Number of protein chains: 2
Amino acid sequence: MPSMKTIDMFKALSNETRLQILNWLKEPDKHFPAQGAHIPKGVNFAGGVCVGDIQEKAGVSQSTVSSYLNMMQKAGLLESFRYGQWTYYRRNEAAIRQLAEHIRTEL
Amino acid sequence: MPSMKTIDMFKALSNETRLQILNWLKEPDKHFPAQGAHIPKGVNFAGGVCVGDIQEKAGVSQSTVSSYLNMMQKAGLLESFRYGQWTYYRRNEAAIRQLAEHIRTEL
DNA sequence: TTGACATATCGAGAATTCTCGATATACAAT
DNA sequence: ATTGTATATCGAGAATTCTCGATATGTCAA
């Protein structure tokens, strides 16, 4: 019985725009403006990018990118951190590695 | 630009029944009746299972299983061999390994 | 040739996904 | 308090996927 979460991951990965976002988030500095202007000192969420910047780059509507990011997070591919009015998303590298491992050994 | 084939793989993997089939085909002897009664000597397609046996085990209609298998083959997850009226399907282990590797290094 | 069987393809209705604009919520600044 | 900004949620129409039964195609056996 394959876990539902695995299927949710595959569904989340079955869309070009979402794949792009995941890929851009591999090198946030390269693809997005500098982040964290609104994150207070002492908070550690390196590599996170706010929704607005992702939306602009992806070229889809704000509501679409919001639900995409939410979907990817529910699937475990992303993790998020909210500070004030901003929500920052970044890759969940451990989960992605585990997915690769799952495919290699258990699929 | 993620290849279309990668997305097709993820789509093919986004369904419980198809995941089950892929998993059963890991150990065909364990999950299906003995195969190859109709495969002539000299033809080598070890691990292949015919559509009818997969259909019975999966418990979906014949047309559904046929299109599932076709879809998985087009995505590269399965390979098929037709002998007479029978079509045998088996896993494409190389492609599955490559998918894991792709996720690990390029996703 | 005829009949039986394995699989593929077709057509369709139901369910899900995609994607948007509009609106709501939550917080910041004035 | 009011306004502005960032994000989330809602509602809906279009597109896609799911899954079936019916039918077509190809092959084997009698």
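Chain A is the first sequence line, chain B the second, and so forth, proteins listed ahead of strands; every chain is numbered from 1. Everything numeric here is computed off the predicted structure, so don't read it as measured data.
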(message) So, under a plain 3.5 Å distance rule, would you say the side chain of Gln62(A) forms a donor-acceptor pair with the base of dA6(D)?
(response) no

(message) I need the CD-C1' distance between Gln73(A) and dA8(D), as an integer number of Å.
(response) 13 Å

(request) Please check the phosphate of dT7(C) (OP1 and OP2 only) for any side-chain N or O of Asn70(B) closer than 4.0 Å. (result) no

(request) Indicate whether OP1 or OP2 belonging to dC18(D) is found under 4.0 Å from a side-chain N or O atom of Thr64(B). (result) no

(message) Quick check for you: among dT9(D), dA6(D), dT7(C), whose closest atom lies nearest to any side-chain atom of Val51(B)?
(response) dT7(C)

(request) Using atom NZ of Lys11(B) as one end and atom C1' of dT16(C) as the other, report the distance to the nearest whole Å. (result) 13 Å

(request) Name the closest nucleotide to the Val60(A) side chain, picking from dT17(D), dC20(C), dT9(C). (result) dC20(C)

(request) Tell me, yes or no, whether the heavy-atom count around Lys26(B) atom NZ, taken from other residues, nucleotides or ligands under 6.0 Å, exceeds 12. (result) yes

(request) Map Gln85(A) and Ser14(A) onto DNA chain C by nearest heavy atom, then report which one ends up closer to the 5' terminus. (result) Ser14(A)

(request) Hey, which sits more toward the 5' end of DNA chain C by its nearest nucleotide, Val65(B) or Gly59(A)? (result) Val65(B)

(message) With a 4.0 Å cutoff (strictly under), does any side-chain N or O of Ser63(B) reach OP1 or OP2 of dA22(D)?
(response) no

(request) Examine dT7(C): is either OP1 or OP2 under 4.0 Å from a nitrogen or oxygen in the side chain of Tyr68(B)? Give yes or no. (result) no

(message) Expressed as a whole number of angstroms, how long is the span from Tyr83(A):OH to dT7(D):P?
(response) 14 Å

(message) Between Thr64(A) and Ser61(A), do the side chains contain a donor N or O and an acceptor N or O under 3.5 Å apart?
(response) yes

(message) From CD of Gln20(A) over to P of dC18(C), roughly how many Å is that when rounded to an integer?
(response) 15 Å

(message) Counting neighbours of CD on Glu56(B) that are heavy atoms of other residues, nucleotides or ligands and sit closer than 6.0 Å, is the number greater than 12?
(response) no

(request) For DNA chain C, find the residues of residues 26-35 of chain A with a heavy-atom distance under 4.0 Å and give them by number; none if there aren't any. (result) none

(message) Distance check needed: dT16(D) P versus Asp8(B) CG, whole Å only.
(response) 13 Å

(request) Indicate, with yes or no, if Val60(A) and Leu69(A) share a hydrophobic cluster defined by side-chain heavy-atom contacts under 4.5 Å among Ile, Leu, Val, Met, Phe, Trp and Tyr. (result) yes

(request) Would you kindly give the CE-to-P distance between Met71(B) and dT19(D), to the nearest whole Å? (result) 11 Å

(request) Could you check how far CD of Gln55(A) sits from P of dT9(D), rounded to whole Å? (result) 16 Å

(message) Which label fits His31(A) and Trp24(A): parallel for a plane angle under 30°, tilted from 30 to 60°, or perpendicular past 60°?
(response) tilted

(request) Could you check if a side-chain atom of Lys74(A) sits within less than 4.5 angstrom of a side-chain atom of Asp8(A), using non-hydrogen atoms only? (result) no

(message) Could you see if Met71(B) belongs to whatever hydrophobic cluster contains Ile103(A)? Use Ile, Leu, Val, Met, Phe, Trp, Tyr and a side-chain cutoff under 4.5 Å.
(response) no

(request) Establish, with yes or no, whether the OP1 or OP2 oxygen of dA6(C) is under 4.0 angstrom from a side-chain nitrogen or oxygen of Tyr89(B). (result) no

(request) Compare side-chain N and O positions of Arg82(A) against OP1 and OP2 of dA8(D) and report whether any pair is under 4.0 Å apart. (result) no

(request) From the options dC5(C), dT7(D), dC18(C), select the nucleotide whose nearest atom is closest to the side chain of Asn15(A). (result) dC18(C)

(request) Please answer whether the main-chain N or O of Ala12(A) pairs with a side-chain N or O of Arg18(A) as donor and acceptor at a distance below 3.5 Å. (result) yes

(message) Regarding Ser61(A), tell me which of base, sugar-phosphate or nothing describes its non-hydrogen contacts under 4.0 Å with the strands shown.
(response) base

(request) Write down the distance between CH2 (Trp86(B)) and P (dC28(D)), rounded to a whole number of angstrom. (result) 8 Å

